[in-house]
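Here is the structure we will look at.
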Amino acid sequence: AGFRVEARAYALAAGALESTRLLLASRTARPAGLGNDHDLVGRFFQDHPHVTAGPLVLAVSDEAILSFAGANVTLTGRDRTRRAPHVQGVQAALTLSEAARRRDGLLGVSATLQRGAPSQAAPGSTEALEVLVGGLRDVAHGQPYHLLVRAEQAPDPSSRVTLGEGRDAVGLPRLALDWRLGALEEESIARTVRRIAEAVGRSGVGVGRVVPLEHGAFTPGASGGPHQLGTLRMAASPRRGVVDPDCRVHGIANLWVAGGAVFPTSGWANPTLTVVAMALRLADHLRVALT
């Protein structure tokens with residue numbers, strides 16, 4: 001048995017994947033799915049590709065690294081394991097300046113220091129981005145680290161979510177994901193890692209050398225955020241996006257979308273605060289529009 005719910009307005013807030021699935025599967029009124037008159041629902045899927053680079057041997061004290069890197073670095077003492085105090089959930093990141101990125105046409109990339117060599121890193125590490133550091137003063141006392149690299153993804157209409165084969169446990173069509181990463185992501189990651197290695201050398205604590213990245217080398221080893229974004233992107237024109245600047249689905253008077261699905265671009269940072277801000281913005285808009 002089923003039931004029917006009617007409302008003046010609907011706000012779809014099920015995440016980029018599930019919101020997309022619901023629109024694509026809603027074919028009673030529109031055969032291609034709701035909001036999909038221009039075949040844009042599910043396109044421009046973006047995530048933040050994660051790869052690791054290293055080892056990076058630093059001839060500085062553990063305490064200095066701990067104070068910089070935050071809670072993600074664990075130091076083991078003789079009798080206990082210590083973490084940086086009062087910084088749980090806060091971590092410094094290395095990234096190029098906006099001016100440098102714009103000058104070189106690079107996407108946003110950040111890297112955080114993680115304790116240990118890349119072989120100890122989570123799945124997704126890649127030797128194609130290996131950073132070799134030699135000629136350190138007191139290198140015997142240096143500690144191995146690696147870089148956890150998080151990158152922005154350029155919007156690509158061929159990177160998309162579609163309805164797949166079969167149905168799930170509640171009878172909805174399963175999803176199929178075709179996640180595309182391209183040359184710009186590879187180049188942005190490689191050049192950012194190289195700049196970090198060069199900065200290590202200039203700082204006096206090491207000399208960096210980056211193994212050249214082969215085209216396509218990092219893609220198989222990359223993992224996602226998971227920060228699914230962009231599948232119902234915002235645009236003023238229905239030929240360029242699924243929702244308008246107020247997050248209303250083009251062509252449907254009483255349907256809005258909340259969440260990362262509406263992002264036209266992804267940036268490199270975690271999207272949660274922006275998702276919350278957009279939801280509050282939409283709530284304010286609906287409060288005014290419905291009174």
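- In this view, T28 satisfies the side-chain contact (heavy atoms from CB on, under 4.5 Å) rule with no residue, not counting sequence neighbours.
- Qualifying side-chain hydrogen bond (donor to acceptor under 3.5 Å, both in side chains) partners for E165, counting only residues two or more places apart in sequence or in other chains: none.
- Under the side-chain contact (heavy atoms from CB on, under 4.5 Å) criterion, P155 pairs with F44, Q46, R233, T265, sequence neighbours left out.
- For the atom pair CG of L34 and OG of S19, the computed distance is 12.0 Å after rounding to the nearest 0.5 Å.
- By the 4.5 Å heavy-atom criterion applied to side chains, T112 and L147 are not counted as neighbours.
- Contact check for L148 versus R150: side-chain heavy atoms found under the 4.5 Å cut-off.
- Between the N36 side chain and the V41 main chain, a donor and an acceptor come within less than 3.5 Å of each other.
- Of the possible polar contacts, none joining the D47 side chain to the P226 backbone as a donor-acceptor pair under 3.5 Å is found.
- For T231 (side chain) and F45 (main-chain N/O), no donor-acceptor pair under 3.5 Å exists by modelled atom type.
- Within the structure, the side-chain hydrogen bond (donor to acceptor under 3.5 Å, both in side chains) test picks out no pair touching residues 272-288 (sequence neighbours left out).
- Remark: R43 pairs with D39, L40, P157, R160 by the side-chain contact (heavy atoms from CB on, under 4.5 Å) rule, at least two apart or across chains.
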Side chains of residues 8-17: which donor-acceptor pairs under 3.5 Å do they make with residues two or more places apart or in other chains?
| unit_1 | atom_1 | unit_2 | atom_2 | d |
| --- | --- | --- | --- | --- |
| R8 | NH1 | L290 | O | 3.2 |
| R8 | NH2 | L290 | O | 3.0 |
| Y10 | OH | V5 | O | 3.4 |
| Y10 | OH | A7 | N | 2.8 |

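- Under the 4.5 Å side-chain heavy-atom criterion for ILVMFWY residues, no single connected hydrophobic cluster contains both V257 and L286.
- A search for side-chain hydrogen bond (donor to acceptor under 3.5 Å, both in side chains) contacts involving T291 returns nothing, not counting sequence neighbours.
- For the pair L255/L23, a side-chain contact is recorded, criterion being any heavy-atom separation below 4.5 Å from C-beta on.
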- Verdict with supporting geometry, M278 and V262, side chain to side chain contact (heavy atoms under 4.5 Å, CB included): CA-CA 9 Å; M278 292 291 292; V262 306; 4.1 Å; yes
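- Without hydrogens or angle criteria, E152 side chain to G108 main chain gives a donor-acceptor distance under 3.5 Å.
- Between G42 and L232, the shortest heavy-atom contact is N-CD2, 4.4 Å.
- Across all their heavy atoms, P245 and A236 have their closest contact at CD-CA, 4.1 Å.
- In this structure, the separation between CD1 on I196 and CG on L96 is 7.0 Å, given to the nearest 0.5 Å.
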- Where do E186 and L181 land on the side chain to side chain contact (heavy atoms under 4.5 Å, CB included) test, with the steps shown first? CA-CA 8 Å; E186 294 176 357; L181 298 171; over 6 Å; no
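- A search for salt bridge (charged side-chain N to carboxylate O under 4.0 Å, His left out) contacts involving D244 returns R248, not counting sequence neighbours.
- There is a path of hydrophobic side-chain contacts, each under 4.5 Å, that joins M234 to V242.
- Here the side chain of R174 pairs a donor or acceptor atom with the backbone of R167 at under 3.5 angstrom.
- Residues V243 and V275 share a hydrophobic cluster, clusters being chains of Ile/Leu/Val/Met/Phe/Trp/Tyr side chains in contact below 4.5 Å.
- R103 pairs by the side-chain hydrogen bond (donor to acceptor under 3.5 Å, both in side chains) definition with nothing, not counting sequence neighbours.
- Going from atom CD1 of I189 over to atom NE2 of H50 covers 10.5 Å, rounded to the nearest 0.5 Å.
- Using modelled atom types, no side-chain atom of Q153 and backbone atom of H48 make a donor-acceptor pair closer than 3.5 Å.
- Under the rule for a salt bridge (charged side-chain N to carboxylate O under 4.0 Å, His left out), the partners of D104 that lie at least two apart in sequence or sit in another chain are R191, R195.
- For the atom pair CD (Q228) and OG (S266), the distance works out to 12.0 Å, reported to the nearest 0.5 Å.
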- Query: Which is it for R27 and L163 under the side chain to side chain contact (heavy atoms under 4.5 Å, CB included) test, yes or no, and what are the steps along the way?
  - Reply: CA-CA 12 Å; R27 295 176 169 177; L163 296 182; 3.4 Å; yes
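- Side-chain heavy atoms closer than 4.5 Å link hydrophobic residues (I, L, V, M, F, W, Y) into clusters, and following such links, even through other members, never connects W256 to L22.
- Ionic pairing of R101 and E98 is not present here: no N-O contact between side-chain nitrogen and carboxylate oxygen is shorter than 4.0 angstrom.
- Interatomic distance, C247 SG to L282 CG, rounded to the nearest 0.5 Å: 5.5 Å.
- In terms of the side-chain hydrogen bond (donor to acceptor under 3.5 Å, both in side chains) criterion, residue partners of R180 (sequence neighbours excluded) are, by chain and number, D178.
- Here the side chains of T95 and W268 are in contact, with some heavy-atom distance below 4.5 Å.
- Under the rule for a side-chain contact (heavy atoms from CB on, under 4.5 Å), the partners of S188 that lie at least two apart in sequence or sit in another chain are L106, L107, V109, L184.
- Taking 4.5 Å as the limit, every side-chain heavy atom of T192 sits out of range of all side-chain heavy atoms of V149.
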